[in-house]
Amino acid sequence: MKITPFHFSTVVSFFAVNKLSHYLVVLLVFTFISCRSNSIPTFESFNDSSVTTIPEEVGTLRIWQELLEDVTSANQPRALLLDHGEESLTLRINLIRSAQKSISIQTFSWEFDEVGKLILWELIQANQQRGIQVKLLIDHMFNEHQPEVIALLSSLGPSFEIKYFNPSAKKLSPSFIEKFSDLTIDFHDHNVRLHNKLLLIDNYIALTGGRNINNHYFDQVIGMNYKDRDVLLVLPNGTEITNCFYSYWNSNNSISTRELIDIKKLLVENNFSKSLQKKRFFEYDIFKQISAQASNIKYIQEHFTDLLCEVERVEWIYDLPDKVDRAPVSNSAVTKRLLALMKHAESDVVIQSPYVVLSSDIQKAFAELKQKRNDVSVVISTNSLAATDNWITYAANYKEKRVYLEELNLEMWEFKPIPTDITNMMSYEKLLSRLPFRRELSQQGVVHFKISKSLPVTGAGDGISQIKSRGRKNIHLNAVPYLSLHAKSLVIDEQIAFVGSYNLDPRSEIYNTELGVIIHDEKFSSKLKHSIKNDIQPQNSYLIEIKKERPLLSKINMILYRISEAFPFIDLWPIRAHSSFELKAGKEQVPAGNVDFFHNWKDVGNFPGLPFFTKKQMSARMFKATGMIFKPLL
């Protein structure tokens with residue numbers, strides 16, 4: 001037998017060939033993915049070089065003037081709930097086009113995506129073509145704006161002003177090192193933010209609620225969209241909310257863009273494009289219908305002005321800007337007022353909040369309410385883990401659910417990412433059929449959760465194609481449009497309603513500034529309660545309840561659960577006493593405690609729609625077990 005001598009070069013060659021094969025496989029995979037992405041048609045690029053709006057892009061000034069005359073004459077404010085994202089965007093465009101003197105905006109987040117640039121363009125036109133004074137106050141933390149665009153806006157003249165709240169390193173775009181240094185040197189200042197949302201037109205029309213400014217809030221994403229809520233108010237006297245805006249505008253924490261180091265440098269060197277061509281602000285021509293509706297008198301009347309209802313009394317509640325200097329603040333202005341109202345509830349309190357992490361003060365308030373009036377029901381609508389955009393806050397909620405259910409006796413519902421009524425909640429079918437933007441190609445085939453097989457068949461819209469299965473995916477991208485709850489609202493006894501920016505979590509309570517409106521009116525409160533109640537119908541949300549009692553096993557689990565729960569910052573026991581429940585088809589909706597409850601409701605686990613090893617579920621479990629030391633920052 002011939003023995004082949006060992007050669008080191010043979011080994012090297014072997015590994016070289018295998019390494020080359022590995023790279024070829026990777027290259028082929030990426031090539032395949034790239035080819036598939038390139039084969040997907042995308043939305044046609046915008047190619048309009050004009051610098052002004054067309055004559056048809058005008059507001060509906062007359063109907064707002066007539067409305068104001070009626071409101072002033074009666075000395076009675078009018079209000080309207082805005083639950084639908086795209087309709088709320090249409091109204092914003094109409095109001096900007098209808099402004100006579102001034103437009104003032106406060107927001108936590110403003111992305112320069114399609115919606116963000118559309119609103120910028122409309123503001124520029126209002127200022128440059130009609131001389132409207134524009135003031136924009138934007139929190140700095142999560143807004144990565146292009147310096148060249150901000151320099152352009154800062155050069156439009158003294159009547160177009162932008163300020164950033166609490167900017168890092170006094171720059172628009174600080175480097176990572178500068179951000180890190182700012183964070184380590186003064187974590188307190190970096191941690192407190194302006195969370196207010198307000199659009200104020202001519203100091204008498206106000207729009208406030210939970211919506212920031214980007215595609216996600218206005219039904220424009222083949223992926224996650226926020227189910228949010230605003231309230232439109234026409235006021236006989238807007239002095240208070242105007243003063244509120246200026247208290248922030250004149251705060252030492254609000255820094256003009258002309259004072260930011262990098263923007264000042266661009267302005268001094270005159271080193272930025274001054275082009276106001278429309279194509280600079282529109283990458284895709286997707287807003288034709290919205291633009292036409294925003295200037296259509298009949299549409300504005302039917303969807304907005306004719307639906308406004310007189311309300312008895314409007315009460316603005318807001319934190320003063322110095323809250324960020326004093327934070328953490330116990331019993332801040334908004335928290336204190338909302339708790340005071342809840343303490344006097346006689347029948348029910350209905351709350352909607354995307355995040356529910358109850359501080360000791362809030363838990364104490366709920367406990368005292370139950371002691372005072374045991375028959376008062378407290379209903380909370382929030383996100384399921386599959387729907388939420390923030391698994392960290394959900395993990396804190398998950399850890400403390402036993403307390404919420406057993407000790408505080410709260411009725412809790414968690415919103416589904418694709419509720420059965422989604423077609424009534426957003427521009428859903430449009431997203432099933434819309435061509436993707438180029439940047440959305442990276443989302444091809446992405447599905448973040450299991451899609452329920454019980455969902456009814458729905459059309460893809462406009463006769464382009466028809467969804468023949470219950471897949472609920474965009475017909476081009478094979479990705480799933482879905483909803484994440486973001487509305488922040490409260491109804492007490494169907495007499496008092498609150499809509500604003502305030503979340504039911506420690507960050508809103510003690511760190512961030514918040515703004516909202518309390519409307520004292522039975523009819524308006526009833527409408528808001530009906531809106532929230534629709535979101536917690538069994539076809540739209542999961543009911544959270546204690547699991548079915550199992551002899552011995554349930555007792556052993558509860559003992560281990562309570563021991564684990566007793567540790568201050570860790571909770572390692574994985575099995576919870578509660579679960580999510582879904583109403584079985586054709587069964588009657590009976591409450592927990594009813595003899596038919598477990599017969600009519602199906603236990604679908606703590607994280608329905610999410611396989612065990614998904615990143616979201618694993619991360620939430622780990623944070624619940626070891627991360628509760630960070631609860632005050634959530």
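Every heavy atom of this structure was used, including side-chain atoms; hydrogens, water molecules and symmetry mates were not.
- Put simply, the side chain of Thr388 never gets that close to the backbone of Trp391: no donor and acceptor are under 3.5 Å apart.
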**OP:** Show your reasoning for whether side chain to side chain contact (heavy atoms under 4.5 Å, CB included) applies to Ile351 and Leu504.
**Re:** CA-CA 9 Å; Ile351 301 171; Leu504 202 57; 4.1 Å; yes
**OP:** Go through the steps to decide whether Ser501 and Asn196 satisfy the test side chain to side chain donor-acceptor pair (under 3.5 Å), and finish with yes or no.
**Re:** CA-CA 6 Å; Ser501 65; Asn196 308 12; 4.9 Å; no
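- Within the model, atoms CD of Gln539 and NZ of Lys416 stand 7.5 Å from one another, a figure rounded to the nearest 0.5 Å.
- A distance of 8.0 Å separates CD1 in Ile519 from SG in Cys309, rounded to the nearest 0.5 Å.
- Neither side chain, Asn600 nor Lys584, offers a donor N or O lying under 3.5 Å from an acceptor on the other.
- Using modelled atom types and a 3.5 Å distance limit, the side chains of Ser381 and Gln352 yield a donor-acceptor pair.
- Around the NZ atom of Lys372, the shell of radius 6.0 Å holds more than 12 heavy atoms that belong to other residues, nucleotides or ligands.
- The environment of CZ in Phe612 is crowded: more than 12 heavy-atom neighbours from other residues, nucleotides or ligands sit within 6.0 Å.
- The line from CG of Leu431 to OH of Tyr482 is 12.5 Å long, rounded to the nearest 0.5 Å.
- Pairs of residues two or more places apart, or lying in two chains, never qualify as salt bridge (Lys or Arg N to Asp or Glu O under 4.0 Å) while including a residue from residues 382-392.
- In this structure a side-chain-to-backbone donor-acceptor pair under 3.5 Å is missing from Ser554 to Pro551.
- Counting only N and O atoms by type, the side chains of Ser579 and Asp603 include a donor and acceptor under 3.5 Å apart.
- Residue Ala577 comes nearest to Met558 through the heavy atom pair CB-CE, 3.6 Å, listed as atom of the first residue, atom of the second, then distance.
- Side-chain contact annotation: His578 with Glu545, donor-acceptor N/O pair under 3.5 Å absent.
- A donor-acceptor pair is defined here as one N or O able to donate and one able to accept, closer than 3.5 Å; such a pair exists between the side chain of Lys631 and the backbone of Leu358.
- The backbone N or O of Glu111 sits nowhere less than 3.5 Å from a side-chain atom of Asn214 that would complete a donor-acceptor pair.
- At distances below 3.5 Å, not a single donor-acceptor pair connects side-chain atoms of Glu87 with backbone N or O atoms of Asp83.
- If you check the side chains of Gln220 and Glu86, you find a donor sitting under 3.5 Å from an acceptor.
- A cation-pi contact, defined as under 6.0 Å to the ring centre and within 45° of the axis, is absent between Lys602 and Phe581.
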**OP:** Show your reasoning for whether side chain to side chain contact (heavy atoms under 4.5 Å, CB included) applies to Phe218 and Ile290.
**Re:** CA-CA 11 Å; Phe218 301 98; Ile290 290 175; over 6 Å; no
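- In this structure, Arg472 and Val480 approach most closely via the heavy-atom pair O-CG1, 3.7 Å.
- No hydrogens or angles considered: nothing links the side chains of Thr335 and Glu509 as a donor-acceptor pair under 3.5 Å.
- For the residue pair Asn512/Arg507, the side-chain donor-acceptor check at 3.5 Å is satisfied.
- Checking side-chain atoms of Thr208 against main-chain N and O of Gly516 turns up no donor-acceptor pair under 3.5 Å.
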Subject >> Asn383 and Ser484: CA distance, side-chain angles, deciding distance, side chain to side chain contact (heavy atoms under 4.5 Å, CB included) verdict >> reply: CA-CA 7 Å; Asn383 276 308; Ser484 177; 3.8 Å; yes
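- Listed for the Asp113 side chain is a donor-acceptor partner under 3.5 Å among the backbone atoms of Gly116.
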**OP:** Tell me, with the steps shown, if Arg576 and Asp571 meet salt bridge (Lys or Arg N to Asp or Glu O under 4.0 Å).
**Re:** CA-CA 11 Å; Arg576 305 284 96 177; Asp571 183 359; 3.1 Å; yes
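- Between Glu407 and Lys370, no side-chain nitrogen of the basic residue sits less than 4.0 Å from a carboxylate oxygen of the acidic one, so the salt-bridge criterion is not met.
- Atom CD1 of Ile119 sits about 12.5 Å away from atom CD of Glu114, to the nearest 0.5 Å.
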**OP:** Could you walk me through whether Leu405 and Met412 pass side chain to side chain contact (heavy atoms under 4.5 Å, CB included), step by step?
**Re:** CA-CA 8 Å; Leu405 296 172; Met412 299 192 69; 4.2 Å; yes
Original post:
Does the salt bridge (Lys or Arg N to Asp or Glu O under 4.0 Å) test come out yes or no for Arg92 and Asp230, once each step is laid out?
Top reply: CA-CA 11 Å; Arg92 281 167 164 79; Asp230 297 314; 2.9 Å; yes
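- Applying the side-chain hydrogen bond (donor to acceptor under 3.5 Å, both in side chains) criterion to Asn540, with sequence neighbours excluded, gives Asp421.
- When all heavy atoms of Leu485 and Ser353 are compared, the pair lying nearest together is CD2-O, 4.4 Å.
- For Tyr284, the OH atom counts as densely surrounded, since its 6.0 Å shell holds more than 12 non-hydrogen atoms of other residues, nucleotides or ligands.
- Atom NZ of Lys547 is surrounded by more than 12 heavy atoms from other residues, nucleotides or ligands within 6.0 Å.
- A donor-acceptor contact closer than 3.5 angstrom links the side chains of Glu514 and Ser508.
- Considering all non-hydrogen atoms of both residues, Leu369 and Lys343 come closest at CD1-O, 4.1 Å.
- Using a 3.5 Å distance cut-off with no hydrogens or angles, the side chains of Tyr217 and Asn212 do pair a donor with an acceptor.
- Figure legend: Arg438 and Phe43 shown without cation-pi pairing, the cationic atom not lying both under 6.0 angstrom from the six-membered ring centre and within 45 degrees of its axis.
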**OP:** Decide side chain to side chain donor-acceptor pair (under 3.5 Å) for Gln495 and His520; before the verdict, give the C-alpha distance in whole Å, the side-chain angles of both, and the deciding distance to 0.1 Å.
**Re:** CA-CA 6 Å; Gln495 299 292 324; His520 300 260; over 6 Å; no
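- A donor-acceptor contact shorter than 3.5 Å is absent between the side chain of Lys399 and the backbone of Met628.
- Judged as a side-chain hydrogen bond (donor to acceptor under 3.5 Å, both in side chains), and not counting sequence neighbours, Ser109 has no contacts.
- When all heavy atoms of Ser427 and Asp219 are compared, the closest pair comes out as N-OD2, 3.2 Å.
- When all heavy atoms are compared, the tightest approach of Val590 to Phe597 is O-CD1, 3.5 Å.
- Between Asp319 and Arg337 no salt bridge is recorded (no basic side-chain N to carboxylate O distance below 4.0 Å).
- Remark: Arg229 is not positioned above the aromatic ring of Tyr226, lacking an NZ or CZ atom under 6.0 angstrom from the ring centre and at most 45 degrees off the axis.
- The pair Asp139-Arg193 meets the salt-bridge criterion, since a charged nitrogen lies less than 4.0 angstrom from a carboxylate oxygen.
- In the model, Glu414 has a side-chain atom that pairs as donor or acceptor with a side-chain atom of Tyr394 under 3.5 Å.
- Salt-bridge check for Lys529 with Glu522: failed, with every basic side-chain N at 4.0 Å or more from each acidic carboxylate O.
- Rounded to the nearest 0.5 Å, atoms CG (Asp228) and OG (Ser88) are 8.5 Å apart.
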